[in-house]
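The next block holds one structure in the form of structure tokens; read it before the comments.
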Amino acid sequence: MATTPDSDGPAPPDVTEDQIAAMHDDPRFVELKRTLFRFTVPVLLAALAWYLVYVLLCAYARDFMGIVLFGNINLGLVLGLSQFVVTFWVTIAYSRFTARKFDQQSAELREDIMNGGKG
């Protein structure tokens, strides 16, 4: 059974080592990986930066985070809840990105490779 170079698990039973090698050598596959990288890395870094800023504000800017916005709601609570918003935004953005730019191209590449490059 073939294993994929980027994972520890086995490849699907109908995929040969030659097909896996052909896929990794295909310029379309390289471009798909670059496309995904160009989206995921900036989004990941932005989300992590926002989380780090929030943690640092909580640790070192207590007076700032304690600013009361209305009633019992302070800035720290609002910024903390915004972490959920960021998480949902990243999930939705990734889902839309892959549906728009990635899924169709990867399916076409997979189909072409599985058909021996005759697609």
Side-chain angles (χ1 to χ4, degrees):
M1 183 178 287
T3 58
T4 58
D6 294 333
S7 72
D8 296 328
D14 56 341
V15 177
T16 67
E17 289 182 22
D18 291 338
Q19 289 171 324
I20 292 171
M23 180 184 67
H24 282 274
D25 293 337
D26 194 303
R28 295 172 296 173
F29 180 72
V30 173
E31 184 57 32
L32 274 176
K33 287 183 4 179
R34 280 190 191 129
T35 300
L36 190 60
F37 183 83
R38 283 191 301 258
F39 175 81
T40 56
V41 170
V43 169
L44 172 67
L45 291 176
L48 287 175
W50 172 234
Y51 178 72
L52 180 62
V53 166
Y54 173 71
V55 169
L56 291 173
L57 286 172
C58 287
Y60 299 108
R62 290 179 182 238
D63 291 337
F64 175 72
M65 296 294 272
I67 294 173
V68 176
L69 299 176
F70 52 91
N72 290 331
I73 307 298
N74 64 18
L75 189 59
L77 179 61
V78 171
L79 294 179
L81 291 174
S82 74
Q83 293 296 320
F84 289 104
V85 174
V86 169
T87 301
F88 292 131
W89 175 82
V90 167
T91 303
I92 291 167
Y94 179 80
S95 177
R96 288 182 177 175
F97 171 80
T98 56
R100 188 178 69 245
K101 297 224 179 212
F102 197 78
D103 292 344
Q104 183 179 0
Q105 291 173 348
S106 63
E108 290 170 0
L109 177 60
R110 184 182 317 109
E111 185 67 28
D112 191 30
I113 297 297
M114 294 299 290
N115 291 330
K118 299 173 188 163

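Rounded to the nearest 0.5 angstrom, M65 CE and R62 CZ are separated by 10.5 Å. The CG atom of D63 sits 12.0 Å away from the CG atom of L75 when rounded to the nearest 0.5 Å. Annotation: the span from T98 atom OG1 to Q104 atom CD amounts to 12.5 Å, rounded to 0.5 Å. Distance check, rounded to the nearest 0.5 Å: CG of L36 to CZ of F102 gives 4.5 Å.
Using a 4.5 Å heavy-atom cutoff, the side chains of L79 and L57 are in contact. Contact of the Y54 side chain with the S82 side chain is not registered, since no non-hydrogen atoms from C-beta on lie closer than 4.5 Å. Side-chain atoms of N74 and L77, non-hydrogen and from C-beta on, do get closer than 4.5 Å to each other. You'll find the side chain of L44 stays beyond 4.5 Å of the side chain of Y94, heavy atoms only.
More than 12 heavy atoms of other residues, nucleotides or ligands lie within 6.0 Å of CZ in R38, so this atom counts as buried by the packing criterion. When the shell of 6.0 Å around CD of Q83 is examined, it contains more than 12 heavy atoms from other residues, nucleotides or ligands. Remark: R100 CZ is packed, more than 12 non-hydrogen atoms of other residues, nucleotides or ligands lying under 6.0 Å away.
Both V90 and F88 are members of a single hydrophobic cluster when ILVMFWY side chains are connected at heavy-atom separations under 4.5 Å. Under the 4.5 Å side-chain contact rule for hydrophobic residues, Y60 and Y51 do not share a cluster.
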Evaluate the criterion side chain to side chain contact (heavy atoms under 4.5 Å, CB included) for residue pair V85 and L81; output intermediate values, then yes/no.
-> CA-CA 7 Å; V85 174; L81 291 174; over 6 Å; no
Before giving the answer on side chain to side chain contact (heavy atoms under 4.5 Å, CB included), spell out for V78 and L69 the whole-Å C-alpha distance, their side-chain angles and the decisive distance to 0.1 Å.
-> CA-CA 9 Å; V78 171; L69 299 176; 3.5 Å; yes
Apply side chain to side chain contact (heavy atoms under 4.5 Å, CB included) to the pair S106 and F29, showing each step before the final yes or no.
-> CA-CA 8 Å; S106 63; F29 180 72; over 6 Å; no
Going through the distances and angles, do V53 and L56 end up as a side chain to side chain contact (heavy atoms under 4.5 Å, CB included)?
-> CA-CA 5 Å; V53 166; L56 291 173; 5.8 Å; no
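Note on ring orientation: taking the six-membered ring where Trp is involved, the planes of F39 and F97 are parallel (angle under 30°, cut-offs 30° and 60°).
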